Amino acid sequence: MRVDLITIFPEYFSPLKLSLFGKAQEAGLVEVKIHDLRSFTIDKHKTVDDAPYGGGPGMVMSAVVWGEAIDAVLKQAKTKPVLVVPTPSGNVFNQEMAIKLASFDHLVFINGRYEGIDSRVVEHYQQSGEFSDVIEVSIGDYVLAGGEVAALVILEATSRLINGVIGNEDSVTDDSFAPGEMQNLLEGPIYTRPPSWQGLDVPEVLLSGDHAKIAQWRKDEALKRTRKFRPELQA
Ligand code: SAM
């Protein structure tokens, strides 16, 4: 997969060099290009924003500058990419969306700041046909200062679903929200050695070696936890 990230804070994406995502790049499974939006400005102050039409507080990011940056990325694209637009007013991100994003060859993230990006940017690229899809996505019902953290969240959830990124594929299929048995379930409690710690013992069944019983126990515990924390998933 190829990922292009356009931002006024390229340094925000330095965590992508770490852990699974970093290894995925080293292994050639993911290629990342980070673009500084200010390098597409034409004035000497490198302005990326302007006052909102209609008045109100804050500044709006310029469609002109975003258009220049996005068109430059499109020129380098080998296949039609998907445009991902982090915004609190988009569809709320979930595992199903992560699975969908992991199936694409090329994602382009445009990361807003201030009051956000001039709405004509999304409108234009929805109409232009240069992207195979334009996805406006929120990572939750709260407002961040910029799209970079949201893009990191989306990329972390998406990249671990790309074939070969995680060594043991089972750890993905056993996760909370994974398609199949875990679709509407949260994972139950998990333990490792020692068998006893601070007076707390690992449940006997997990030491029994009886795989059928262990599977049933895990299912029951997942259900208990889901009913406690996310009852609406079982509704
Ligand atoms: N005025 C916008 C609104 O009320 O919807 C909020 C703009 S926010 C301060 C600046 C940028 O942060 C947004 O353009 C978006 O890129 C990002 N952002 C903020 N909250 C987000 C969220 N919950 N999910 C995804 N991106 C978010």
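Since the structure is predicted, the reported quantities are computational estimates derived from the model, not experimental observations. Indexing begins at 1, ligand by ligand and atom by atom, following the structure's order. Worth knowing before you read on, the calculation uses all heavy atoms, side chains too, and leaves out hydrogens, waters and symmetry mates.
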May I have a table of the N/O to N/O pairs between ligand 1 and the protein that fall below 3.5 Å, each row giving the two atom names and the distance to 0.1 Å?
residue, atom, partner, partner atom, Å
ligand 1, 1 (N), Glu115, O, 3.1
ligand 1, 1 (N), Glu115, OE1, 3.1
ligand 1, 12 (O), Gly146, N, 3.4
ligand 1, 16 (O), Pro86, O, 2.9
ligand 1, 16 (O), Gly112, N, 3.4
ligand 1, 16 (O), Gly147, N, 3.4
ligand 1, 20 (N), Leu144, N, 2.9
ligand 1, 23 (N), Gly140, O, 3.1
ligand 1, 23 (N), Tyr142, O, 2.8
ligand 1, 24 (N), Ile139, N, 3.0
ligand 1, 26 (N), Thr87, N, 3.3

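How far CD of Glu148 is from OH of Tyr12: 6.5 Å, rounded to the nearest 0.5 Å.
Summarising the local packing, CD of Glu232 is surrounded by more than 12 heavy atoms from other residues, nucleotides or ligands at distances under 6.0 Å. Environment of OH in Tyr114: crowded, with over 12 heavy atoms of neighbouring residues, nucleotides or ligands closer than 6.0 Å.
For Asp220, the side chain to side chain donor-acceptor pair (under 3.5 Å) partners are Gln216, not counting sequence neighbours. Remark: Pro15 pairs with Leu152 by the side chain to side chain contact (heavy atoms under 4.5 Å, CB included) rule, at least two apart or across chains. For Tyr125, the ring pair (Phe, Tyr, Trp, His ring centres under 6.0 Å) criterion is met by Phe131, not counting sequence neighbours.
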